[in-house]
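Report on the following structure.
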Amino acid sequence: QVQLVESGGGLVQPGGSLRLSCVASERSAVTGWFRQPPGKEREFVGAFRRIGGGGNAYYKDSRNGRFSISRDDAKKTVYLQMNNLKPEDTAVYYCAAASRTLIVGRLGVSADYDYWGQGTQVTVSS
């Protein structure tokens, strides 16, 4: 059983930045970030997919450029850096872990993740 704890959410003005953290009780093959805007379904933001001692980050919108994912294995933490935030980024942000490696095309499928954090609220408003 992998436990995930998100933190770093809060209220930020448009154009501001936040860094979310996802601390895991153990490393997973894939750590994903999802968000659920108010009144909408949960959607994929991005994921870090481990390969050997390294790995790669993938994003729902690779052209976005506003979000970036990184990790600190020593801290068992995956970060979601969010810059130039917009009101439409308002959502509860969740991290999720998959025990097995997912193919790139499945990184955005929430059902393929085994464990979920409790979520952290991000509100972008002036």
Side-chain angles (χ1 to χ4, degrees):
Q1 184 82 8
V2 178
Q3 295 180 335
L4 305 170
V5 179
E6 303 100 331
S7 63
L11 173 64
V12 62
Q13 292 185 342
S17 298
L18 283 175
R19 188 178 76 161
L20 306 184
S21 300
C22 174
V23 180
S25 57
E26 58 186 80
R27 289 197 303 174
S28 299
V30 179
T31 302
W33 283 99
F34 293 77
R35 68 183 184 184
Q36 187 165 16
K40 297 183 179 180
E41 294 186 351
R42 190 175 297 181
E43 61 184 19
F44 175 65
V45 176
F48 187 83
R49 181 173 178 263
R50 287 182 174 78
I51 302 175
N56 294 297
Y58 299 85
Y59 306 94
K60 175 184 178 182
D61 184 0
S62 59
R63 300 167 297 176
N64 184 313
R66 297 188 297 121
F67 293 178
S68 64
I69 294 173
S70 61
R71 97 284 192 205
D72 184 333
D73 285 343
K75 296 181 179 180
K76 297 180 183 176
T77 302
V78 175
Y79 302 100
L80 175 64
Q81 177 69 44
M82 304 186 293
N83 300 323
N84 191 21
L85 283 161
K86 303 176 181 181
E88 51 264 41
D89 295 317
T90 294
V92 179
Y93 283 72
Y94 299 90
C95 69
S99 301
R100 66 199 184 287
T101 300
L102 304 176
I103 62 173
V104 174
R106 300 286 296 183
L107 291 176
V109 180
S110 59
D112 283 3
Y113 290 81
D114 303 297
Y115 308 101
W116 290 81
Q118 82 288 352
T120 185
Q121 176 71 47
V122 171
T123 302
V124 184
S125 175
S126 55

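Source: prediction; values computed, not measured. Each residue takes its place number in the sequence, starting with 1.
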Item to check | R27/D73 under side-chain contact (heavy atoms from CB on, under 4.5 Å): CA gap, chis, key distance, verdict | outcome: CA-CA 8 Å; R27 289 197 303 174; D73 285 343; 3.0 Å; yes

Next on the checklist: Test side-chain contact (heavy atoms from CB on, under 4.5 Å) on V30 and R100; report intermediate values, then the result.
Outcome noted: CA-CA 7 Å; V30 179; R100 66 199 184 287; over 6 Å; no

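In the hydrophobic clustering of ILVMFWY residues, with side-chain heavy atoms under 4.5 Å counting as a link, Y94 and L102 come out together. Both L85 and V45 are members of a single hydrophobic cluster when ILVMFWY side chains are connected at heavy-atom separations under 4.5 Å. Under the 4.5 Å side-chain heavy-atom criterion for ILVMFWY residues, a single connected hydrophobic cluster contains both V12 and F67.
A donor-acceptor contact shorter than 3.5 Å links the side chain of E6 to the backbone of Q118. At distances below 3.5 Å, not a single donor-acceptor pair connects side-chain atoms of D72 with backbone N or O atoms of T77. Using a distance-only test at 3.5 Å, with no hydrogens or angles considered, a donor-acceptor pair links the side chain of R50 to the main chain of S28. Between the side chain of D112 and the main chain of V109, no donor-acceptor pair closer than 3.5 Å is present.
Distance OG/S25 to CD/Q1: 8.0 Å, rounded to 0.5 Å. To the nearest 0.5 angstrom, K76 atom NZ is 14.5 Å from R71 atom CZ. Atom CG of L107 sits about 6.5 Å away from atom CZ of R49, to the nearest 0.5 Å. Once rounded to the nearest 0.5 Å, the distance linking OG of S17 with CE of M82 reads 9.0 Å. Taken from CD1 in I69 to CG in N56, the straight-line distance is 11.5 Å, to the nearest 0.5 Å. One finds the CG atom of N83 at 6.5 Å from the OG atom of S68 (value rounded to the nearest 0.5 Å).
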List the atom pairs, with distances to 0.1 Å, where a side-chain N or O of residues 119-126 and a protein N or O form a donor-acceptor pair under 3.5 Å, not counting sequence neighbours.
{"unit_1": "T120", "atom_1": "OG1", "unit_2": "G9", "atom_2": "N", "d": "3.2"}
{"unit_1": "Q121", "atom_1": "NE2", "unit_2": "A91", "atom_2": "O", "d": "3.4"}
{"unit_1": "Q121", "atom_1": "NE2", "unit_2": "T123", "atom_2": "OG1", "d": "3.3"}

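Y93 does not carry R35 over the face of its six-membered ring by the limits of under 6.0 Å from the centre and within 45° of the normal.
When side chains are defined from C-beta on, S110 does not count as touching E43, because their heavy atoms never get closer than 4.5 Å.
The two residues V2 and A24 have their closest heavy-atom pair at CG1-CB, 4.4 Å. Of all heavy-atom pairs spanning C22 and T31, the tightest one is SG-CG2, 4.4 Å.
Annotation: ring pair (Phe, Tyr, Trp, His ring centres under 6.0 Å) contacts involving residues 10-50, sequence neighbours excluded, comprise F34-F44, F34-Y113, F34-W116.
Few gaps surround CD on E26; more than 12 heavy atoms of other groups in view lie less than 6.0 Å from it. The number of heavy-atom neighbours closer than 6.0 Å to CD of E41, taken from other residues, nucleotides and ligands shown, is 12 or below.
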